[in-house]
Amino acid sequence: MLQIKRVYEAASPADGYRILVDRLWPRGVAKTTAQLEDWNKAITPTTELRRWFDHEPAKFPTFKTRYLAEIADNPAWPAFEQQIRQQLAVGNVTLVYAAKDPEYNHVVILLALLKKALDS
């Protein structure tokens, strides 16, 4: 199962392989507390896009379009997708993020894109 979870929520065995998909390390979280197997900064929105979006829900549709365009041009995407496929063959994968809003953030977009890629 592929899922998402805030880094501030307690890790559990059901999370399986935990990968942080944020460009910046989450505030106030110790690396040991996060219990991560990996941290992938390369697949996250660019600093410019992240700053422009600034977690404003009204900008989310445009943010989504721009982020998907970044992913399409991102040379790190194929390796990231392959990593997720390999880990899912072993067990659950949890994309971990720090954003407060569970609906309007890049990880929601990333999850949907991965699920679409995995179904094809």
Side-chain angles (χ1 to χ4, degrees):
M1 176 171 58
L2 181 61
Q3 58 197 352
I4 62 176
K5 189 175 193 178
R6 284 192 77 216
V7 70
Y8 302 103
E9 297 175 48
S12 75
D15 292 347
Y17 188 85
R18 290 170 52 90
I19 180 168
L20 179 66
V21 286
D22 272 338
R23 190 163 295 270
L24 304 174
W25 186 263
R27 289 183 186 164
V29 177
K31 291 187 179 183
T32 54
T33 305
Q35 298 182 29
L36 300 169
E37 279 71 41
D38 196 6
W39 179 14
N40 190 314
K41 300 177 207 176
I43 203 65
T44 64
T46 60
T47 300
E48 296 78 21
L49 182 57
R50 184 178 48 80
R51 287 181 179 160
W52 172 84
F53 175 48
D54 198 29
H55 298 284
E56 294 180 32
K59 292 181 177 178
F60 191 73
T62 303
F63 172 74
K64 179 178 180 180
T65 300
R66 290 180 181 179
Y67 181 43
L68 288 172
E70 284 185 358
I71 289 174
D73 291 338
N74 189 335
W77 172 254
F80 179 73
E81 183 184 338
Q82 183 61 30
Q83 176 188 20
I84 299 301
R85 284 181 191 278
Q86 289 173 343
Q87 292 302 324
L88 283 170
V90 177
N92 292 342
V93 174
T94 302
L95 304 177
V96 180
Y97 67 99
K100 290 179 184 176
D101 191 324
E103 187 176 350
Y104 298 106
N105 68 65
H106 75 282
V107 184
V108 172
I109 299 165
L110 194 56
L111 177 68
L113 185 59
L114 282 167
K115 284 187 174 183
K116 182 178 178 183
L118 295 169
D119 286 341
S120 58

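Values below: every heavy atom of this structure, side chains too, minus hydrogens, waters and symmetry copies.
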- Message: Set out, in order, the CA-CA distance, both residues' side-chain angles and the distance that settles side chain to side chain contact (heavy atoms under 4.5 Å, CB included) for Ile19 and Gln87, then state yes or no.
- Response: CA-CA 11 Å; Ile19 180 168; Gln87 292 302 324; over 6 Å; no
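- In terms of hydrophobic clustering, with Ile, Leu, Val, Met, Phe, Trp and Tyr side chains grouped at heavy-atom distances under 4.5 Å, Tyr17 and Ile84 are assigned to a common cluster.
- When each of Leu110, Asp38, Ile4 is tested with Val21 by the rule side chain to side chain contact (heavy atoms under 4.5 Å, CB included), just one qualifies, namely Leu110.
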- Please assess Lys31 against Leu36 for the test side chain to side chain contact (heavy atoms under 4.5 Å, CB included), listing each intermediate value before the final yes or no. CA-CA 8 Å; Lys31 291 187 179 183; Leu36 300 169; over 6 Å; no
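- Of the possible donor and acceptor atoms, none in the side chain of Asp22 sits under 3.5 Å from a partner among the backbone N and O of Trp25.
- A distance of 9.5 Å separates NE2 of His55 from NZ of Lys100, quoted to the nearest 0.5 Å.
- The two residues Ile109 and Tyr67 make their nearest non-hydrogen contact at CG2-CD2, 3.7 Å.
- Taking CG from Leu68 and CG from Asp73, the interatomic distance works out to 11.5 Å, rounded to the nearest 0.5 Å.
- Cluster membership for Leu20 and Leu95, using ILVMFWY side-chain heavy atoms within less than 4.5 angstrom, is not shared.
- Under a hydrophobic clustering in which Ile, Leu, Val, Met, Phe, Trp and Tyr are joined whenever their side-chain heavy atoms come within less than 4.5 Å, directly or via other members, Trp52 and Phe60 fall into the same cluster.
- In this view, Lys64 satisfies the salt bridge (Lys or Arg N to Asp or Glu O under 4.0 Å) rule with no residue, not counting sequence neighbours.
- Nearest approach of Ala14 to Asn92, heavy atoms of both residues: O-ND2, 2.7 Å.
- Across all non-hydrogen atoms, the minimal contact from Arg6 to Ala99 is NE-O, 2.8 Å.
- No path of Ile, Leu, Val, Met, Phe, Trp and Tyr side chains, each step under 4.5 Å between heavy atoms, connects Val107 with Val29, placing them in separate hydrophobic clusters.
- Ala42 and Asn74 get closest at one heavy-atom pair: O-ND2, 2.7 Å.
- Between Glu70 and Arg66, none of the side-chain N atoms (NZ, or NE/NH1/NH2) sits under 4.0 Å from a carboxylate O, so this pair counts as no salt bridge.
- The CG atom of Leu49 sits 11.5 Å away from atom CG of Asp54, with the distance rounded to the nearest 0.5 Å.
- When all heavy atoms of Asp101 and Pro57 are compared, the pair lying nearest together is OD2-CG, 4.4 Å.
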- Val108/Asn105 under side chain to side chain contact (heavy atoms under 4.5 Å, CB included): CA gap, chis, key distance, verdict: CA-CA 6 Å; Val108 172; Asn105 68 65; 3.8 Å; yes
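- Taking 4.5 Å as the limit, every side-chain heavy atom of Thr44 sits out of range of all side-chain heavy atoms of Arg50.
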- Show the numbers, then the answer: is there a side chain to side chain contact (heavy atoms under 4.5 Å, CB included) between Leu2 and Lys115? CA-CA 8 Å; Leu2 181 61; Lys115 284 187 174 183; 4.2 Å; yes
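- Considering every non-hydrogen atom in both Asp15 and Thr94, the closest pair reads O-OG1, 2.7 Å.
- Between Phe63 and Phe53, the ring planes are parallel. Angles under 30° get that label, and only those over 60° would be called perpendicular.
- In the hydrophobic clustering of ILVMFWY residues, with side-chain heavy atoms under 4.5 Å counting as a link, Phe80 and Trp39 come out apart.
- For Arg18 (side chain) and Val96 (main-chain N/O), no donor-acceptor pair under 3.5 Å exists by modelled atom type.
- In this structure, the side chain of Thr65 engages the main chain of Pro61 through a donor-acceptor pair within 3.5 Å.
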